[in-house]
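Single-structure report; data block below.
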Number of protein chains: 2
Amino acid sequence: MERKLLLLGLLRQRGMHGYRLHEFIERNLSLYTDLKKPTAYYLLEQMVRDGWLTAEVEQEGQRPPRRVYHLTPAGEEAFQRLLREALATDRPMTFPGDIALGFLDELPKEEAIQLLEMRKQALKERLENLLRVPPHPGSLQWLFEHQSHHLRSELEWLEKLILHLKEENP
Amino acid sequence: MERKLLLLGLLRQRGMHGYRLHEFIERNLSLYTDLKKPTAYYLLEQMVRDGWLTAEVEQEGQRPPRRVYHLTPAGEEAFQRLLREALATDRPMTFPGDIALGFLDELPKEEAIQLLEMRKQALKERLENLLRVPPHPGSLQWLFEHQSHHLRSELEWLEKLILHLKEENP
DNA sequence: TTTTCCATGTAACTCGTTACATGATTTC
DNA sequence: GAAATCATGTAACGAGTTACATGGAAAA
């Protein structure tokens, strides 16, 4: 549903065709969501079938025809509903990389530390890359803020874990 | 792959049949992973086909027969490989609930704050529930530590966001 | 002139879930 | 006698991905 919220929110600001939409998301929001091209086209057509969007074909010169999407009143309603729902909902998150932590004691401590240092290094680079991104307009900046808060917090946690392993009695 | 790592890691400690395995995961690890029953059975059979596990049928009295799984040398190798890989890998995470933050400014500020307060309340309860869990043995405790670190960090962030919205000039 | 861009899609597949089937056995 | 437990699975479905198809136009 979050993906539909995203598409609706962007189309609400101005009508677009699928290609532009996907391009915009790739360029500006790839850090916060990953919406593949076929998925985007599929969801758009689904929302047309559900009466949330209209699609008019438009052609410029000899370029390929475009299907330009706009919100219907039902689409606007859906957007309002999905937005409120998403904001008010706390979603339990499960970290896929975490299961391995449960078997940390199966490795020699030296090696465990070394592997975690590799993870830390990659995480650090990801954070640095994120901080290089120019600021987003308006509320989009909150996505950035949340992401960077999370990365900093993860880094902090990893450092604490590594330190703890190092200081443990052998 | 994380699911297979989990199954391998548990079976390595002692052989088990699918039902017990799933039961154990449900009881002790449901906060950190969700592995449905049919998925467990499916993955186990897949690993038998791949030569990672052996399965011997065992029957106690008139109870239903059990397929008891044990690691083969190839299974042990796979476990070692998957464990190292998972520990060293930093996985970019995307928060599904976040997209809505990008449209925060589409709502009256009062309502936005109110919705986020609801999210905060749910998050708080989730944290409190987690803290009520008795400690896990050995490395499993790290799963708990990471989860609770993350929840505290999320709560902190949400509080900062709400505060910022409240203090913004109208 | 070959590559990249524009623009839309389909087909096949993977991973995982839900709902259901089976049948004995212990518990209420 | 009814319900929950033990134990294994299948079938159908859903969301999303990858790889591919098409074909003209612009750019290198």
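Letters A, B, ... mirror the listed sequences (proteins, then strands); counts begin at 1.
The nearest whole Å value for the distance from the CE atom in B:M16 to the C1' atom in D:dT8 is 17 Å. Per the geometry, CD1 belonging to B:I25 stands 16 Å off P belonging to D:dA7, to the nearest Å. Taking atom CD on A:Q59 and atom C1' on C:dC6, their separation rounds to 12 Å, with Å as the unit. Going from atom OH of A:Y41 over to atom C1' of C:dT10 covers 13 Å, rounded to whole Å. Rounded to an integer number of Å, the gap from A:E23 CD to C:dT8 P is 11 Å. Separating the NE2 atom of A:H22 from the P atom of C:dG9 is a distance of 14 Å, rounded to the nearest angstrom. Rounded to an integer number of Å, the gap from CZ of A:R66 to C1' of D:dG24 is 14 Å. Rounded to whole Å, atom C1' of C:dG9 lies 14 Å from atom OH of A:Y19.
Ring geometry for A:W157 versus B:H149: interplanar angle of 30 to 60°, hence tilted.
When only modelled atom types and interatomic distance are considered, A:Y42 and A:Q46 share a side-chain donor-acceptor pair under 3.5 Å.
Taking 4.0 Å as the cut-off between side-chain N and carboxylate O, A:E145 and B:K160 do not count as a salt-bridged pair.
Annotation for A:F95: atom CZ counts as buried by contact number, over 12 foreign heavy atoms lying within 6.0 Å. For A:E110, the CD atom counts as loosely surrounded, since its 6.0 Å shell holds 12 or fewer non-hydrogen atoms of other residues, nucleotides or ligands.
With contacts defined as side-chain heavy-atom distances shorter than 4.5 Å, the pair A:E117/A:Q121 does not qualify.
Nearest to the side-chain atoms of A:P64 among the listed nucleotides C:dC6, D:dC6, C:dT8 stands C:dC6. The side chain of B:Y69 sits closest to D:dG9 out of C:dC5, D:dG9, D:dA7.
Side-chain atoms of A:R3 come within 3.5 Å of backbone atoms of A:D34 as a donor-acceptor pair (strictly under, hydrogens ignored).
At the phosphate of C:dG9, OP1 or OP2 sits under 4.0 Å from a side-chain N or O atom of A:R67.
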Report each atom pair, protein N/O against N/O of nucleotides 12-20 of chain C, whose distance is under 3.5 angstrom.
from   : atom 1 : to    : atom 2 : distance (Å)
C:dG16 : OP1    : B:R3  : NE     : 3.0
C:dT17 : OP2    : B:T39 : OG1    : 2.6

